[in-house]
Colleague: 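One structure, as structure tokens, below. Some questions next.
Here is how names work: the chains are called A, B, and so on, in the same order as the sequence lines, proteins then strands, and each is numbered from 1. In this text the structure is predicted, and so the values were computed from the model without any measurement.
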Amino acid sequence: MTEDQSAYEHPLVAARLAKVEAMRAAGEEPYPVNFERTDTAAQLHAMYGELPPSTDTGNRVSVAGRLMNTRDIGSLVFGVLQDGSGQIQLFVEADRLGDRFADFDDLDPGDWIGAEGEVVTTKRGELSVRVERFVLLAKGLRPLPEKWHGLTDVEKRHRYRHVDLLVNEDARMVMRRRVDVVQSIRKSLLDRGYLEVETPVLHHVPSGGLATPFVTHHDALGMDMFLRIALELHLKRLIVGGADRVFEIGRVFRNEGVSPRHNPEFTMLELYEALADYEDMATLTEALVVEAAERVLGTTDITYDGRPMSLKAPWRRLDYVGAVAEATGADWDPAMPIKEARKQAVAAGVEVEDPWGTGRIIAEVFESVVQDTIWEPTFVLDFPEEISPLARRHRSRPGLTERFEVIVAGNELANAFSELNDPVEQRRRFETQAAARAAGDHEAHPMDEDFLRALEYGMPPTGGMGMGIDRLVMLLTDQPSIREVVLFPHLRPE
RNA sequence: GGGUCGCUAGCUCAACGGCAGAGCAGGGGUCUCUUAAAUCCAAGGUUGUGGGUUCGAAUCCCACGCGACCCA
């Protein structure tokens with residue numbers, strides 16, 4: 001069945017193909033060009049909420065969708081029709097259909113049909129369309145999964161998402177909520193005067209983040225290019241160009257391992273606001289998440305992985321270095337000698353690599369001993385400069401930057417800075433990163449002269465924030481894996 | 001990259017060294033009020049792939065493929 005060549009020879013497919021050929025032989029088209037629908041399933045249910053049993057409404061409608069199941073009672077058949085809005089029962093009587101009744105009986109689960117008839121309720125009270133006429137809209141050649149259990153094999157659900165969506169209500173719910181979350185964020189930002197923009201996916205320098213890029217090649221230009229790992233530097237160019245508030249919701253690509261929390265391509269929101277700092281970004285980040293939860297779920301009290309969680313603002317605040325100090329019972333300072341930092345890290349059970357400075361070591365200790373302990377959304381504030389090459393120095397704390405991450409359920413949800421806008425300082429940071437890169441750190445930020453040139457024209461004080469949309473959707477749909485919230489997750493070919 | 005587990009009919013699952021089975025779907029019947037309809041009959045398999053052990057392998061061993069989870 002999985003081999004395309006032999007699929008048509010499979011008895012279950014061959015039987016359906018034979019029906020197609022029989023229809024054509026009888027002068028009927030199994031894949032007609034169109035069908036006029038008057039109502040969807042959801043519209044009918046909304047229109048006739050609570051009718052008593054055995055009601056004839058006198059309303060003649062036409063509906064269209066996939067026939068999911070039939071219950072054949074001799075000269076009476078009940079069908080379940082599923083369209084994009086929901087399901088509606090078809091009530092099919094031999095008396096009413098005449099010669100065509102046998103043809104209805106010949107339909108298979110999975111076939112697309114259009115049906116016309118009066119809206120009625122059955123003796124049991126089920127809202128139905130009492131079919132007077134029907135037409136096959138598209139023959140399904142492959143059998144549907146089992147009607148009760150549906151498709152449960154995770155690999156098949158992801159590989160054949162179209163089947164997953166048509167038989168699993170949960171899959172449809174997750175897709176719907178993802179769409180609603182993105183719409184909510186877009187609305188929240190548009191309402192605040194942000195402009196939605198699109199920036200290049202193909203980059204000359206894989207900049208704006210610390211990650212390994214995918215490399216591709218431009219034939220005509222004869223040069224390698226990189227799929228973007230972040231949206232940051234082009235959006236900042238737009239702030240230089242005079243935009244006050246911009247955002248982009250776009251796909252970024254990171255050439256790293258696949259895990260329940262990482263897909264090689266994922267969706268990022270990034271936004272930049274002139275004359276704002278990271279405190280403004282914190283307020284905005286809370287608002288975006290709260291508004292999405294309220295619009296999509298109607299509440300900020302959610303359950304994730306079996307545990308309750310409140311998304312209500314204000315969120316807890318935690319000092320980054322302070323949290324590491326508390327968790328390890330040792331004093332930490334980004335200015336402390338690397339030797340000492342290394343010793344304390346080892347004491348905390350963290351392995352240290354040679355090119356790392358104190359800031360990077362603190363970051364590793366944070367991820368190892370603090371991050372997993374955070375459940376409800378928490379701002380972790382003031383990151384070491386070494387691991388924050390695009391964030392401005394903290395206005396009062398040496399060695400630190402004005403940067404926070406939002407950690408939820410042990411995962412990074414968002415990352416924001418008061419942006420570094422001093423081009424000379426930015427150049428110095430890039431040079432430091434380039435040195436780390438030369439020393440073997442493949443995820444250090446590369447030099448980006450083109451961006452520096454933009455900064456040299458003057459970027460106003462700016463706040464910026466990036467958020468992982470997939471992770472937000474995971475939270476709001478209570479899904480443990482990113483593969484459940486990405487419609488078509490990465491899989492090796494069969 | 002390492003470890004553990006999984007892969008049997010279209011789908012959901014049994015059988016765990018001794019004749020590969022069931023339910024649903026599909027085929028043929030009965031039934032005008034079903035909601036996973038009920039019911040009778042018949043059919044459906046290279047047990048992920050390739051080796052090996054054995055009188056005998058879905059089952060034990062090895063390799064490979066794909067996936068899940070954990071670790072790096």
Colleague: Please lay out, stage by stage, how A/I229 and A/F214 fare under the test side chain to side chain contact (heavy atoms under 4.5 Å, CB included).
Modeller: CA-CA 9 Å; A/I229 58 172; A/F214 284 93; over 6 Å; no

Colleague: Which one, B/U12, B/A37, B/A25, comes nearest to the side chain of A/L151?
Modeller: B/U12

Colleague: Please state whether the phosphate of B/U32, meaning OP1 or OP2, lies under 4.0 angstrom from any side-chain nitrogen or oxygen of A/S75.
Modeller: yes

Colleague: Salt-bridge test for A/R178 and A/D470: reply yes if a basic N is under 4.0 Å from a carboxylate O, no otherwise.
Modeller: yes

Colleague: Using a heavy-atom cut-off of 4.0 Å across all strands, would you classify A/R483 as base, sugar-phosphate, or nothing?
Modeller: sugar-phosphate

Colleague: Among B/G10, B/C33, B/G26, which is the nearest nucleotide to the side chain of A/T122?
Modeller: B/C33

Colleague: Can you measure A/W148 atom CH2 to B/C13 atom P for me and round it to whole angstrom units?
Modeller: 15 Å

Colleague: Can you check the distance between B/C60 and B/A14, where both ends of the measurement are the P atom (answer in whole Å)?
Modeller: 15 Å

Colleague: Identify whether any heavy atom of A/G150 sits under 4.0 Å from a base atom; if not, whether one sits that close to sugar-phosphate; answer base, sugar-phosphate or nothing.
Modeller: sugar-phosphate

Colleague: What is the nucleic acid contact for A/I73, judged by heavy atoms within less than 4.0 Å: base, sugar-phosphate only, or nothing?
Modeller: base

Colleague: Using the C1' atom as the point on both nucleotides, what is the distance between B/G26 and B/A43, in whole Å?
Modeller: 10 Å

Colleague: Around A/D331, counting heavy atoms of other residues, nucleotides and ligands shown, do more than 12 lie under 6.0 Å from its CG?
Modeller: no

Colleague: Given B/U32, B/C66, B/G26, which nucleotide is nearest the side-chain atoms of A/R159?
Modeller: B/C66

Colleague: Could you work out which one of B/U35, B/C70, B/U32 sits closest to the side chain of A/E126?
Modeller: B/U35

Colleague: Check this for me: does any side-chain nitrogen of one of A/E265 and A/R251 sit under 4.0 Å from a carboxylate oxygen of the other?
Modeller: yes

Colleague: Taking B/U12 as the reference, what is the distance to B/U53 when you measure between their P atoms (whole Å, please)?
Modeller: 35 Å

Colleague: Considering only atom P, compute the distance from B/G23 to B/C40 and round it to an integer number of Å.
Modeller: 10 Å

Colleague: Would you say A/H149 places a side-chain N or O within less than 4.0 Å of OP1 or OP2 belonging to B/C11?
Modeller: no

Colleague: Respond yes when some side-chain nitrogen or oxygen of A/K156 is under 4.0 Å from OP1 or OP2 of B/G48, and no when none is.
Modeller: no

Colleague: Give one of base, sugar-phosphate or nothing for A/P109, where a contact means two heavy atoms less than 4.0 Å apart.
Modeller: sugar-phosphate

Colleague: Across the strands shown, which category fits A/P493 at heavy-atom distances under 4.0 angstrom: base, sugar-phosphate, nothing?
Modeller: sugar-phosphate

Colleague: Less than 4.0 angstrom between a side-chain N/O of A/R492 and OP1 or OP2 of B/G67, yes or no?
Modeller: yes

Colleague: So which nucleotide does B/G23 pair with, by the Watson-Crick or G-U wobble rule with both distances under 3.5 Å?
Modeller: B/C11

Colleague: Looking at every strand, decide which applies to A/D72 at a 4.0 Å heavy-atom threshold: base, sugar-phosphate, or nothing.
Modeller: base

Colleague: Going by purine N1 to pyrimidine N3 plus the second Watson-Crick contact, or the G-U wobble pair, all under 3.5 Å, which nucleotide sits opposite B/C33?
Modeller: none

Colleague: When you check the gap from the basic side-chain N to the acidic O, do A/E405 and A/R471 get nearer than 4.0 Å?
Modeller: no

Colleague: Any donor-acceptor pair under 3.5 Å linking the side chain of A/S259 with the backbone of A/R261?
Modeller: yes

Colleague: What does B/U59 pair with, Watson-Crick or G-U, if both distances are under 3.5 Å?
Modeller: none

Colleague: Main chain of A/G79, side chain of A/T70: is a donor-acceptor contact present, judged purely on distance under 3.5 Å?
Modeller: no

Colleague: Assuming nearest nucleotide by heavy-atom distance, tell me which of A/D105 and A/P145 is located more 5' along RNA chain B.
Modeller: A/P145

Colleague: When you match A/N69 and A/L491 each to their closest nucleotide on RNA chain B, which lands nearer the 5' end?
Modeller: A/N69

Colleague: Between B/A25 and B/A38, how many Å separate the two P atoms, rounded to a whole number?
Modeller: 8 Å

Colleague: Between the side chains of A/R403 and A/N415, does any donor sit under 3.5 Å from an acceptor?
Modeller: yes

Colleague: Nearest to the side chain of A/F78 - B/C33, B/U12, B/G10?
Modeller: B/C33

Colleague: Scan every strand shown for a Watson-Crick or G-U wobble partner of B/G6, both distances under 3.5 Å, and answer none if you come up empty.
Modeller: B/C66

Colleague: Given B/C33, B/G26, B/A36, which nucleotide is nearest the side-chain atoms of A/R16?
Modeller: B/G26

Colleague: If we take the P atom in both B/G28 and B/C19, what is their distance in whole Å?
Modeller: 34 Å

Colleague: Just call it for A/D95: base, sugar-phosphate, or nothing, with non-hydrogen atoms closer than 4.0 Å on any strand.
Modeller: base

Colleague: Using the C1' atom as the reference point in each nucleotide, state the distance between B/C64 and B/C71 in Å, no decimals.
Modeller: 23 Å

Colleague: For B/A37, does either OP1 or OP2 sit under 4.0 Å from a side-chain N or O belonging to A/K147?
Modeller: yes

Colleague: The side chain of A/D153 is closest to which nucleotide in this list: B/C33, B/U12, B/A25?
Modeller: B/U12

Colleague: Quantified in whole Å, what is the P atom distance between nucleotide B/G45 and nucleotide B/A9?
Modeller: 11 Å

